[in-house]
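Written below as structure tokens is the structure these notes are about.
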2 protein chains.
Amino acid sequence: MKQITLKEIAASLNVSVTTVSKALKGYKDVNEETKKLIIQKAKELNYKPNIFAVNLRTKESKTIGIIIPEVVHHFFSSVIKGVIAQAEKKGYLVIILQSNESKELEKKQVELLINKRVDGILVSLANETNSYEHFYEILQNEIPLVMFDKIAKLVKCNKVIINDQKAAYNATKHLIDVGCKKIAHFRGPHLPQNSIDRFLGYKKAIDDHYLTYNSKLVYLLEKMTFKEGEYFARKLINEHPDVDGIFVNTDLVAVGAIKAINDLDFNVPNDIAVIGFSNWFMSAVISPSLSTINQPGFEMGKQAFKLLFKEIKLKKKGEEIKPKTIELGTDLIIRESTQKSVS
Amino acid sequence: MKQITLKEIAASLNVSVTTVSKALKGYKDVNEETKKLIIQKAKELNYKPNIFAVNLRTKESKTIGIIIPEVVHHFFSSVIKGVIAQAEKKGYLVIILQSNESKELEKKQVELLINKRVDGILVSLANETNSYEHFYEILQNEIPLVMFDKIAKLVKCNKVIINDQKAAYNATKHLIDVGCKKIAHFRGPHLPQNSIDRFLGYKKAIDDHYLTYNSKLVYLLEKMTFKEGEYFARKLINEHPDVDGIFVNTDLVAVGAIKAINDLDFNVPNDIAVIGFSNWFMSAVISPSLSTINQPGFEMGKQAFKLLFKEIKLKKKGEEIKPKTIELGTDLIIRESTQKSVS
DNA sequence: GGTTGTTTCGAAAACGTTTTCGATAAAATA
DNA sequence: TATTTTATCGAAAACGTTTTCGAAACAACC
């Protein structure tokens, strides 16, 4: 099927390509009468502008890229949904790439997006990433960049995050509020920063409420899997049979922990209360349902795109941008796993 | 930052743009000596071809689009992952759009992708979709199209599916194998086709094994939610207290059903065995873990892209394509929810 | 010496749009 | 009538690449 061009519309109406282009783009230096004719003819021929030519001429693609560690993940797919929803409103399409938590892959994806000449890039860091040359390259190319959730503090760009420390504090405080006296923490590895922040929130809550912080009660998990959750829950109960609460770095691990606790004939929440983090989809539907911290993925995606969009606009106008960081609120979601029955 | 062009490389070496282009693209009518110089200079200046110009010239974007009903969904995000992985190997990027199960949105997304002049389109139908003008438009525009999972039999294009009927048959047969005599079915609405096929598979298994098919044991769920699963499980037990097995159209609903069954002090699997469909992520981590049918999302994404890629290649060569349908195998995954203890 | 073949290069067209700038004619003003 | 203003149009350049076609220079052959 032959694609209709401006030239053909122009020929069929005996006007110039220029006039056709102007008419269709609403310039005011074209007669109302001819404009009407042109628009009609364009519709009649089912004219669709050749986007490649438009891109070349305008130097923009109306496309952005997003790099995330993992697509098959409730939080990140929520972010994607938010980004796509917001982008569509502004006429932008979204290219998705995964880093698989690998720094090398992340670099490659950045390269791809730069070569693709996207109008902007959204990134959540891979766990492995510990240096930022590739992001500096984005900035050097003057491509608008927004980081979200897993960010690099050193890179000077717009950011959207939650306050992991505060959220972790609230989760731990909730355990204290329901009467826990000896609270363990299953933490994540030293990268990304989030694991550290959540640990710090836990520690601060412990300290603030006159419980004694005990580093033996903090377990460092490397892979953050269901199985690890099971394993460390067993280990914990073995080493500290009198533990009565666990704040777990992420829901999946918490679910594994609950499984192990139940298998050992302890009761959640009465013997051991458990609270997770992120509000994975499953947390609401398991038994007992899991208390957790809601991480607003969809909203984060929306906000990240909004920031990116603003930056794109500013860049077009040639204005300077002063990077800012948006901090989104989190909610404590209380479910069965922390509601001890009155004893 | 000024972008380097062929012209600039040419100027700095006193050769023509043509020669530079040819050297970088490996044409053989350019002297080895000059080629070396050009390649070196290009690297030195960090030359990156202007993709917009390349697109315009070659009439292809090395980008494909995929439209799915919902991003935040284990199966569909697995598909996306498969598509992206395979596409990247072939140098293609992937634009993701959602239909939110709405026909109108689906049409709009198709329109966006056509206007974007993507090299190919991947689609899984929205539940609402009951006519196919927009897909015919894709075909009219001679854009390669592959449908997967939720397909339209009437549209003549490549397809990747599972055999829902056979898989449902196997699930139901498994219940029969573990000793169930009175098996209910929670089915989905009349669209998409998958619900019908799964129901047919259930019915065939019942008929084939000398159990009496009873339409009263088939419950039609409209929204396929956790809550519906709970509601209909209660209803079922109320109406048929002697039911001893349920084949549920999808895992989420099955999880809801299990919850209700437990709350009513029936035991899963001993009183009532439950099997789901799709192998959602949560199914492996709940207690009791849920038996189900594994739907190979990642593999489906890979195969779908492979088909699309073949079609793109054929189109370039101007050859005709004869649409085919790939049927992927499914696996019966036996977990706790159907393993009755020896009585 | 004339013919053919080979190697190496570049001019130019083409892809389809956007936008600047000037031309023309008609209308308004002096 | 002469001059300025306004409305309407189009030529042409530009965006940066790819590719065709022919030119030039030289070697090889009879």
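Proteins get letters first, then strands, A, B, ... in listed order; numbering begins at 1 in each.
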Presence of B:K25 side-chain N/O under 4.0 Å of D:dT19 phosphate oxygens OP1/OP2: yes

From C-beta outward on B:V17, which listed nucleotide comes closest to its side chain: C:dA11, C:dG16, D:dT17? D:dT17

Is the closest basic N to carboxylate O distance between A:K81 and B:E70 below 4.0 Å? yes

In whole Å, I'd like the distance from the NZ atom of A:K59 to the P atom of C:dT19. 12 Å

Closest to the B:V54 side chain, choosing from D:dT18, C:dG10, D:dA13: D:dT18

Does the side chain of B:T18 get closer than 4.0 angstrom to OP1 or OP2 of C:dG10 through an N or O atom? no

So does B:E60 pair up with B:R117, basic N to acidic O under 4.0 Å? no

Along DNA chain C (nearest heavy atom to each residue), the more 5'-positioned of B:T19 and A:T58: B:T19

Does a nitrogen or oxygen in the side chain of B:T5 sit under 4.0 Å from OP1 or OP2 of D:dC15? no

How many angstroms lie between atom CD1 of A:I143 and atom CD of A:E311, to the nearest 0.5 angstrom? 11.0 Å

Can you tell me how the ring of A:H73 sits relative to the ring of A:F75, calling it parallel under 30°, perpendicular over 60° and tilted otherwise? perpendicular

It should be established whether B:N50 places a side-chain nitrogen or oxygen under 4.0 Å from OP1 or OP2 of nucleotide D:dT17. no

Using atom CD1 of B:I9 as one end and atom C1' of D:dT18 as the other, report the distance to the nearest whole Å. 15 Å

Checking A:E8 side chain against A:T5 main chain: does a donor-acceptor pair fall under 3.5 Å? yes

To the nearest Å, give me how far apart NZ (A:K28) and P (C:dT19) are. 11 Å

Does C:dT17 have OP1 or OP2 under 4.0 Å away from a side-chain N or O of A:S21? no

B:Y27 OH to C:dG10 P, in whole Å, measures 16 Å

Phosphate OP1/OP2 of C:dT17 contacted by A:K22 side-chain N/O (<4.0 Å): no

Between atom CG in B:L6 and atom P in D:dC15, what is the gap in whole Å? 13 Å

Output the rounded distance in Å from CZ (A:R57) to C1' (C:dT18). 4 Å

When the distance from CG of B:N31 to P of C:dG10 is rounded to whole Å, what number comes out? 11 Å

Once you round it to whole Å, what is the distance between C1' of C:dA14 and CZ of A:F52? 16 Å

Can you tell which of D:dA12, D:dC15, D:dC9 lies closest to the side chain of A:D29? D:dC9

Just to confirm, is there a sub-4.0 Å distance from OP1 or OP2 of C:dG16 to any side-chain nitrogen or oxygen of A:Y47? no

